[in-house]
Amino acid sequence: MNSVPNQTNRVLSGMRPTGQLHLGHYHGVLKNWIELQHEYECFFFVADWHALTTDYEDPSRIPQATFDMVVDWLAAGISAGAATLFIQSRVPEHAELHLLLSMITPLGWLERVPSYKDQQEKLKEKDLATYGFLGYPLLQSADILIYKAGAVPVGEDQVAHVEMTREIARRFNHIYGREPDFEAQAEQAKRKMGKKNAKMFDQLKRRYQEQGDQEALEVAQALLESQANITIGDRERLLGYLEGGGRVILPEPAPLLTKAAKMPGLDGQKMSKSYGNTIALRDDPKLVEQKLRTMPTDPARVRRTDPGNPDVCPVWQFHEVYSDDEIKEWVQTGCRSAGIGCIECKQPVIDAVRNELEPIQSEARRLAADPDLVRSFINEGCERARDTARETMDDVRHVMSLRQG
């Protein structure tokens, strides 16, 4: 029998269904996911309910956008064997946990989320004075907590949201974590570790609780993480016992800071469909070349003989992503001395982008031509995700006195 994976080794991340993806998604998210899937137990999901928080008036494009996005995930190198890929709305337990967490979440916590007012300002043309839009950060918290994810890959700007999720988990555990027979259950769980480990656990627990020894706490936590023969429930019980509280039903996730994406758009701004400055992963090679050839350059360089400044040129930002030191040196010298023209400067970027996209596009064509295969990956992932979500909801219903029978 396989040991239960420990909570800290589980990663959750999702994307709204935006259809076919572009280089910004590839460098900003997918390359990171590709690395994570081999280091952690990963759950990657299509956040279709989140799409409804801003696009509820016309959801008709969501199914096709979902399919196209998953094809691009797979074509880029996300493996349906290494990670669990699923669609949020196919796991209704997310909605149930969201509802139950809404019973205990103070309204002020949602109103102070930085993106709440920010998004309302940015999307003034949409009516976002809805309960769903206010509650979407809590739905995100439910997405994370239902898988007991130990880590959530985020950029610096999203750390506040993970912190709110930690606060919600803390509040939930404080209200519901004390089982009537908690100590007896914890002692029973401890015995499953064997006499030697149980004795070590007791010594470390005493050192931490009586002397406030932080190192003893960390050693004891590591000891629990290394136990292959106890369940996640037992581990959470013993973590609570160790810290002098109740059972940890919903573990607190930690932000897993990702490197900031350097991928600019064709105009030097962030690459985004709303700016019309993208190169899609499945753009025809001729279109890729055309888009890069017609990119704006240093506005002060009017004639071929004028020297330029790479620092203010969007093409240089592409060189930063795609070119080696030798080519970068050639660009810096040639541009500043007018030794090379803008078309010459763009050619190495055109070649590098097309080379990067070629295997992705080949795999995307294969997958798009076999929709049943893609759907089978999604169906399997949804089943695996739902099995995990059901386990969490069994615990949640039990401590909230909602389990029938």
Side-chain angles (χ1 to χ4, degrees), residues 5-51 53 62 65-66 68-91 93-94 97-98 113 115 136-166 168-169 250-261 263 271 281 377-378 380-382 384-386 388-389 392:
N6 69 55
Q7 173 257 347
T8 53
N9 197 42
R10 195 175 274 166
V11 160
L12 178 109
S13 190
M15 290 172 71
R16 291 188 183 205
T18 54
Q20 292 191 20
L21 302 180
H22 53 63
L23 285 176
H25 297 119
Y26 180 63
H27 287 275
V29 179
L30 294 182
K31 283 174 97 171
N32 185 43
W33 282 11
I34 290 163
E35 283 182 31
L36 291 173
Q37 69 184 349
H38 301 301
E39 297 174 40
Y40 298 89
E41 184 196 13
C42 289
F43 287 75
F44 299 138
F45 72 101
V46 179
D48 55 344
W49 276 337
H50 285 294
T53 60
I62 291 176
T66 295
D68 288 339
M69 187 168 79
V70 173
V71 165
D72 282 350
W73 287 1
L74 295 164
I78 305 299
S79 164
T84 298
L85 312 182
F86 68 99
I87 297 171
Q88 183 186 33
S89 63
R90 295 267 299 273
V91 186
E93 286 76 10
H94 285 236
L97 183 58
H98 174 225
V113 172
S115 56
Y136 90 85
L138 186 60
L139 178 56
Q140 285 183 314
S141 295
D143 297 332
I144 297 164
L145 296 172
I146 202 159
Y147 297 102
K148 302 189 176 183
V152 183
V154 290
E156 292 272 6
D157 57 332
Q158 296 163 301
V159 169
H161 173 68
V162 180
E163 188 51 47
M164 191 186 94
T165 303
R166 290 168 63 85
I168 289 164
L250 299 176
E252 294 177 32
L256 186 63
L257 281 175
T258 58
K259 297 186 284 284
M263 193 68 240
M271 190 174 281
L281 298 186
F377 289 150
I378 294 171
E380 287 164 20
C382 289
R384 283 206 302 272
R386 195 158 188 204
T388 304
T392 302

### CD/Glu39: more than 12 non-hydrogen atoms of other groups inside 6.0 Å
yes
Under 3.5 Å, is there a donor-acceptor pair between the side chain of [X] and the main chain of [Y]?
| X | Y | result |
| --- | --- | --- |
| Arg166 | Pro253 | yes |
| Gln88 | Trp49 | yes |
| Arg384 | Ala83 | yes |
| Thr84 | Phe43 | no |
| Gln158 | Pro255 | no |

### Message
side chain to side chain contact (heavy atoms under 4.5 Å, CB included), that's the test. Do Leu250 and Thr392 meet it? Break it down for me.
### Response
CA-CA 8 Å; Leu250 299 176; Thr392 302; 3.8 Å; yes
Atom [atom1] in [X], atom [atom2] in [Y]: separation rounded to 0.5 Å?
| X | Y | atom1 | atom2 | answer |
| --- | --- | --- | --- | --- |
| Leu256 | Leu36 | CG | CG | 6.0 Å |
| Ile144 | Leu139 | CD1 | CG | 10.0 Å |
| Ser141 | His161 | OG | NE2 | 4.0 Å |
| Leu30 | Met69 | CG | CE | 9.0 Å |
| Thr66 | Arg16 | OG1 | CZ | 12.5 Å |
| Glu93 | Arg386 | CD | CZ | 4.0 Å |

### Message
Pairing donors with acceptors under 3.5 angstrom, does anything connect the side chains of Asn32 and Thr258?
### Response
no
### Message
Side chains of Asp143 and His50: any donor to acceptor distance under 3.5 Å?
### Response
yes
### Task
Decide side chain to side chain contact (heavy atoms under 4.5 Å, CB included) for His25 and Asp72; before the verdict, give the C-alpha distance in whole Å, the side-chain angles of both, and the deciding distance to 0.1 Å.
CA-CA 10 Å; His25 297 119; Asp72 282 350; over 6 Å; no
Atom of [X], atom of [Y] and distance for their closest heavy-atom approach:
| X | Y | value |
| --- | --- | --- |
| Ser13 | Trp33 | OG-NE1, 3.1 Å |
| Ala51 | Pro17 | CB-CD, 3.9 Å |
| Cys382 | Val91 | O-CG2, 4.2 Å |
| Pro251 | Ala169 | O-CB, 4.2 Å |
| Met271 | Gly24 | SD-N, 3.4 Å |
| His94 | Ile146 | N-CD1, 3.8 Å |

### Task
Would you please test Ile378 and Val46 for side chain to side chain contact (heavy atoms under 4.5 Å, CB included) and show each step?
CA-CA 10 Å; Ile378 294 171; Val46 179; over 6 Å; no
Quick one: does [X]'s side chain get under 4.5 Å of [Y]'s, heavy atoms only?
| X | Y | value |
| --- | --- | --- |
| Thr165 | Gln140 | no |
| Leu85 | Leu74 | yes |
| Ile78 | Ile34 | yes |

### Message
Under 6.0 Å between ring centres: does that hold for Trp73 and Phe44?
### Response
no
### Message
Is the distance from the ring center of Phe86 to that of Tyr147 below 6.0 Å?
### Response
yes
### Query
Which residues satisfy the ring pair (Phe, Tyr, Trp, His ring centres under 6.0 Å) test with His27, sequence neighbours excluded?
Tyr322
### Task
Begin from the C-alpha positions of Leu23 and Leu281 and carry the test side chain to side chain contact (heavy atoms under 4.5 Å, CB included) through to its verdict.
CA-CA 6 Å; Leu23 285 176; Leu281 298 186; 4.0 Å; yes
